[in-house]
Structures are given as structure tokens and as C-alpha cells.
Amino acid sequence: MEIGDNRLHDIQEMLLQWYLENQRDLPWRRHSNAYYTLVSEIMLQQTKVATVIPYFERFIKRFPTVYDLADASDDDVVKLWEGLGYYSRARNLHAAIKEVVATYDGVIPNEKEKISKLKGIGPYTTGAVLSIAYKQKVPAVDGNVMRVFSRLFDMEDDIAKPATRKKMEAIAEQIIPDRSPGDFNQALMELGATVCTPKSPECLFCPIRNFCKGYQAGREHILPIKTKAKAPKKASVIMFGVKWNNKLLVQKRPSSGLLANMWALPTENRMEEMPYISQIEEYCEMNQYSAKISEDVYRFEHIFSHRHWKIILISMELSENPVYLPKRSIWVDEQSVLEFAFPKVYQKALEQLGYRN
DNA sequence: AAAGCGGGGAC
DNA sequence: GTCCCAGCTTT
């Protein structure tokens, strides 16, 4: 990718000026604080600004400094992440900040080799923190930047391919200015989020449309090239609302895979070959439950990025103290259930069972 | 290089 | 319904 010196300088200046005048007022932009930058960047991974704002506000209010976060329990951290998704981000951020306190005297490192070794911090977040918080000339290539570049240079590379991100970083290296590299990176992302949008880009409001090869070719609508994601795989599950003595049985999910380590209702994969009633009876037998099973079941669906669950929720009231506790399970007082952090799919189920805020 | 990992909003 | 978002880790 060759960019003439004159055009390069103009693109830099136009973008920086546009960003100065048009940047959104966001909570993490109100102070220069590497901790705020890191928290916001982790939350913003695959997540829109509007969704993140209330989570960021609550998180910083509860954990104002790296020391507050390092001292917190994992349960408290995940509770503040409840509903935001990709929960390993919360656990990784917690681990990273603990490492910062333990190893770097509470200062988020400003060297690429060090910060990129922290849990959950990949190439994008490394570049974002180094450029925004520490004003270093390091690229930060996210989905927005790839879309902007794809159109600006009329590129045919598939942005879904890992190799394309490397190529985009090489381009960013050439474009990023010595002056205000952090603002420049944010300008590219802000442009992608507000003007150079995936659908119906508003090229007439774009500060660099005069340099845009895609726009000049009339190809802005079909760029960027991106292979489609596969449809989520379908699965059927049964969730069990098990009550006894005014307590509800909640279970920690397995430590890997979907919703790893999150609190949940006991969930079993549906045995398609038998009626679900039979599977429920078998489940009770296996756990030695003598239970009165509610007549009505609640059916609903939930779509994750790679899975599509059809869910049958059944409720049962045990008539005697169960002999043993299922693996990774605890009894929770009914009024305390919502103090635990549940992913959305289980929040829906719990709401149906009468647990709601 | 590809798969797995949440949830939401825009259309 | 489809697309995709201020991505990272594991396989």
C-alpha cells in the first residue's frame, strides 16, 4: 500500500481535526487514566459504546483504582459484568490488574512486551492503551479501522481472515502520525462507528471522502469484503428449578466452554430419543429426588454467538431433604438468589420462576 | 487458520 | 430474520 506523502499528511490532519470537533463525550474520555482506558477497552471488545457506558460507570464507582479491583473477590467482579457477555473478559481483567499490583507496583506497564503479556490483552488492546493512555505511536486495529481502511484503499481482502488484520496493522503503521497517535487511532474508530458505518455509510459527512478510493469507485456499499459467520448450532436443553425448604438449587457451570464458571440452574442436554417427561423422571431418579413436578413447563429460546438453545424449564418442589448435593451446587435462600451473577439465559429462566428485581 | 465465546441493537 | 460490534484464547 503506497500513500503519497502529501495525501498522507492531509488524511492525518483532516481526521485529527474532525475528531477534535466531533468526538463523543464518553465517561472514559473525561480523565486521562490508564486504568480507565484499560477497563473501557476490555468492555468495548465486541460490544457497542451505548451498552458499555452504564457498565463502565458502575464498575469504576465500585472499583475506583487498580487496588480496589485487585482486592475484590472474583464473584464481585463478575457480578458487575453480569449481562455484558464474554465473561472471561471480567476474569482476565481481574487477573491482569492483580498482576499489575503484584508485579508493577500498581502501574499499568507502558511497554508493549509487558502489557501484552497480561491476561486478556491482545494486539488491539495493547495498541489502544499504549497510544491513548501513554501517547505512544502504536496502531490499534479493530473492526472499525479495518472497515475504514478497506473502503479508503478499496481493498479486496477478507476482513474475517486473521491474516488481513496483520496487513491492516502494517498499513496503520504507515499512517499513524507522530503527533497525537492516540487521538488519531480514536479518530479512525470514531469515524467507523459514526460515519463509515457497516451499512449506509454517510460519505457526505466524511472528512476524508476526497481521499477514499472505495467512495470514488462507488464501491463503499459492498466494502469491506467479509465472509459470513456460520449459523449457530442448535441444541435442546432442560433447565431445572429445584426448590426445597425455601431454597433454590444453583449450580456453577463447568470451568471451560460456554458460560464457563457462571452460576446457573442445573442444565441437562436433551435426550432427543425419549420424551422430555421421561428424561425428567430419570434425572430425579439419578439424584434421588422425591419431588412434585410442576404441571406446566416454560419453553423459550436463547441465541448465543455459536449456539441456539431450545429450552424447557421445569420446576419442582422436593418433599424431603435430598441425600446429597449435585456437583458444584449450593442451596441458596430464595431472597438471596439474585445476589449471584447469572448470564442472561438464566436470568430469563429465573424471572419465569418468580425471581425478579 | 479456524473455532469458541454473549449479548444487544440496527435494519 | 441478518449483520456485527473499540477481540482474545484455545485448538
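Every chain is numbered from 1, with letters handed out A, B, ... down the list of sequences. No hydrogens, no waters, no symmetry mates; every other heavy atom, side chains included, goes into these values.
Between A:Pro198 and A:Ile303, the one whose closest nucleotide on DNA chain C sits nearer the 5' end is A:Ile303. Sequence order on DNA chain B of the closest nucleotides to A:Lys161 and A:Thr47 puts A:Lys161 first from the 5' end.
For A:His302 and A:Phe304, the distance between ring centers is under 6.0 angstrom.
A salt bridge is defined here as a Lys NZ or Arg NE, NH1 or NH2 lying under 4.0 Å from an Asp or Glu carboxylate O, and A:Lys117 with A:Glu113 fails to meet this definition. Looking at A:Glu301 and A:Lys348, no side-chain N of the basic residue comes within less than 4.0 Å of a carboxylate O on the acidic one, giving no salt bridge.
Among A:Phe59, A:Phe56, A:Tyr36, the single residue meeting the ring pair (Phe, Tyr, Trp, His ring centres under 6.0 Å) criterion with A:Trp28 is A:Phe56.
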Please produce a list of atom pairs where a protein N or O lies less than 3.5 Å from an N or O of nucleotides 8-11 of chain B.
from, atom 1, to, atom 2, distance (Å)
B:dG8, OP1, A:Lys344, NZ, 2.8

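Counting any heavy atom pair closer than 4.0 Å across all strands shown, A:Leu259 reaches sugar-phosphate atoms only and no base atom. Residue-level contact check: A:Arg307 touches the backbone only, with heavy atoms under 4.0 Å from sugar-phosphate atoms and none from bases. In this structure, A:Phe304 reaches the sugar-phosphate backbone alone: every heavy-atom distance under 4.0 Å involves primed, P, OP1 or OP2 atoms, never a base.
Other members of the cluster containing A:Val297 are A:Ile238, A:Phe240, A:Val242, A:Trp244, A:Leu249, A:Tyr276, A:Ile277, A:Ile280, A:Tyr283, A:Met286, A:Tyr289, A:Ile293, A:Ile312, A:Ile314, A:Met316, A:Leu318, A:Leu325, A:Trp331, with ILVMFWY side chains joined at under 4.5 Å, either directly or via other members.
Within 3.5 Å, a donor on the side chain of A:Ser305 pairs with an acceptor on the base of B:dG6, or the reverse.
Evaluation of the side-chain hydrogen bond (donor to acceptor under 3.5 Å, both in side chains) rule for A:Ser319 yields A:Ser290 as partners, not counting sequence neighbours.
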